[in-house]
Amino acid sequence: MAPALTLENTQLDAASTLSLKATGAAQPEVRENYEGQYQFAPIEESQVARAMIKRYFNTMYERAVSDVVIVGAGSAGLSCAYSLATRRPDLKITIIEASVSPGGGAWLGGQLMTPMVIRKPADGFLRELGVPYEDEGNFVVVKHAALFTSTLLSKVLAMPNVVLMNATAVEDLIVHEDYSGKQRVAGVVTNWTLVALNHDTQSCMDPNTITAPVIISATGHDGPMGAFSAKRLVSTGLLKELGNMRGLDMNRAEPAIVNGTREVVPGLILTGMELSEHDGSNRMGPTFGAMIGSGIKASWEATRILDN
Ligand code: 48N
């Protein structure tokens, strides 16, 4: 049996990268040594730093031009990403999420209670994801909202054509004008969220950009940046005024948002609760079927635009 790998039988080479030159030792693996204690392969701190830096900034460089940018990784944004990435593995899909923890409002069912209600026919998406639920007739109940969101998130993140940049905020839209003077959203302006939330405390922290032919905004109606793109359309003059989300009516709200999901200005699709702020449709409260349906509809809108 090869001798246990210890720091003594490794050596630093010129690039100060630890190369494991233990005589006869295979690549180390975590295993019990003779004393029954786990022994990790040795590492240099710089290896950890470089492993992250290389990958993250390569991704930023590569995704500076994306095919589709999805703003917001809540239930609508993630449902959209899943539907789009499974149907179109050729597309470079970049998700920008302001929070450190993606998932938006879908970690809880309502008033901090954990079960999640999803009205039929959106339960079909749960079967596609393999999320178990209890059937209550016209609706189903997932035992914990986090079971839905973590399952969806894990599948989206596992897709090779999807990149998620969390803790990153969209703080403006890129708007180009074509030869006829028609304006088109052509990308997003990004910054680290902690920077975007602190422009009042430190001036001149300029942003970065990601260009893409299609932007799907799913920024919800809540939180410090809720309905961001819809509000930005008003402040840039691309939309006269917000419709402002109406009171709660589950039966009116859910079909209105799914069927209303669309390209609201050239290059920009709104989905999920952000659309209710744009259109002035009702809110539905603690039921998530419309977020799934709207996200899926947004993914089809995106491919309609890209394929035309
Ligand atoms: O979950 P949300 O807020 O939004 P949706 O539309 O995916 O789902 C809405 C749903 O949770 C409800 O509100 C339910 C159905 N209740 C309805 C009701 O009547 O009360 O996710 C939006 C995500 C969040 O994670 C935000 O952090 C993120 O978008 N976000 C942004 N990310 C990047 N840049 C921004 N400017 C930005 N603004 C919000």
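- Side-chain contact between T209 and I174 is present, with at least one heavy-atom pair separated by less than 4.5 Å.
- V131 and F139 fall into different hydrophobic clusters, where Ile, Leu, Val, Met, Phe, Trp and Tyr side chains are chained together by heavy-atom contacts under 4.5 Å.
- Side chains of F125 and F148 form a contact here, defined as non-hydrogen atoms less than 4.5 Å apart.
- One N or O on the side chain of N191 and one on the backbone of D206 form a donor-acceptor pair closer than 3.5 Å.
- Here the side chains of V69 and I96 are in contact, with some heavy-atom distance below 4.5 Å.
- In terms of modelled atom types and a separation under 3.5 Å, the side chain of R55 and the main chain of A51 share a donor-acceptor contact.
- Inter-residue side-chain proximity for T190 and P207 is flagged as unmet; no heavy-atom pair is nearer than 4.5 Å.
- Considering all non-hydrogen atoms of both residues, L233 and T236 come closest at O-OG1, 3.2 Å.
- With hydrogens and angles ignored, the 3.5 Å screen pairs no side-chain donor or acceptor of R283 with any backbone N or O of H221.
- The backbone N or O of S79 lies less than 3.5 Å from no partner atom in the side chain of S83, so there is not a single donor-acceptor pair.
- Within a 6.0 Å radius of CD in E134, other residues, nucleotides and ligands contribute 12 heavy atoms or fewer.
- What you find for K182 and P266 is that their closest heavy atoms are CE-CG, 3.8 Å.
- Side-chain atoms of E301 and I216, non-hydrogen and from C-beta on, never get closer than 4.5 Å to each other.
- Judged purely by distance below 3.5 Å, without hydrogens or angles, the side chains of T303 and R88 never pair a donor atom with an acceptor atom.
- Put simply, the side chain of I118 reaches to within 4.5 Å of the side chain of I292, judged on heavy atoms.
- Considering every non-hydrogen atom in both S217 and S229, the closest pair reads OG-OG, 2.7 Å.
- The minimum heavy-atom distance between C80 and A298, with the atom names listed, is SG-CB, 4.0 Å.
- Of the possible donor and acceptor atoms, one in the side chain of T271 sits under 3.5 Å from a partner among the backbone N and O of S294.
- Formation of a donor-acceptor pair under 3.5 Å by the T219 side chain with backbone atoms of A227 is found in this model.
- A continuous path of ILVMFWY side-chain contacts below 4.5 Å connects Y82 to L91, so both sit in one hydrophobic cluster.
- Contact detail for G103 and L78: the closest heavy-atom pair is CA-CD1, 4.4 Å.
- Under the 4.5 Å side-chain contact rule for hydrophobic residues, V234 and V170 share a cluster.
- Under the 4.5 Å side-chain heavy-atom criterion for Ile, Leu, Val, Met, Phe, Trp and Tyr, L108 and L153 are members of distinct hydrophobic clusters.
- V156 places a side-chain heavy atom less than 4.5 Å from the side chain of I95.
- With D135 as reference, K120 is the one residue of R127, R119, K120 to meet the salt bridge (charged side-chain N to carboxylate O under 4.0 Å, His left out) rule.
- In summary, of the residues considered (I93, N161, I296), a side chain to side chain contact (heavy atoms under 4.5 Å, CB included) with L84 occurs for I93 alone.
- Side-chain atoms of K92 never come within 3.5 Å of backbone atoms of A212 as a donor-acceptor pair (strictly under, hydrogens ignored).
- Taking CG of L194 as the start and CE of M205 as the end, the distance is 10.0 Å to the nearest 0.5 Å.
- Here the side chain of T193 pairs a donor or acceptor atom with the backbone of T168 at under 3.5 angstrom.
- Considering only heavy atoms from C-beta on, L147 comes within 4.5 Å of P132 through its side chain.
- Of the possible donor and acceptor atoms, one in the side chain of W107 sits under 3.5 Å from a partner among the backbone N and O of P102.
- The neighbour count for D178 CG, taken as heavy atoms of other residues, nucleotides or ligands under 6.0 Å away, is above 12.
- Considering R246, R252, R262 as possible partners of D279, the one that fulfils the salt bridge (charged side-chain N to carboxylate O under 4.0 Å, His left out) test is R262.
- E254 places a side-chain N or O within donor-acceptor distance of the main-chain N or O of A290, the cut-off being under 3.5 Å.
- In summary, the side chains of R232 and S235 do present a donor paired with an acceptor at a separation below 3.5 Å, with no hydrogens or angles considered.
- Residues L268 and I210 share a single hydrophobic cluster, defined by chaining ILVMFWY side chains whose heavy atoms lie under 4.5 Å apart.
- In terms of heavy atoms, G74 sits closest to E97 at N-OE1, 4.4 Å.
- Within a 6.0 Å sphere centred on NZ of K143, heavy atoms belonging to other residues, nucleotides or ligands number 12 at most.
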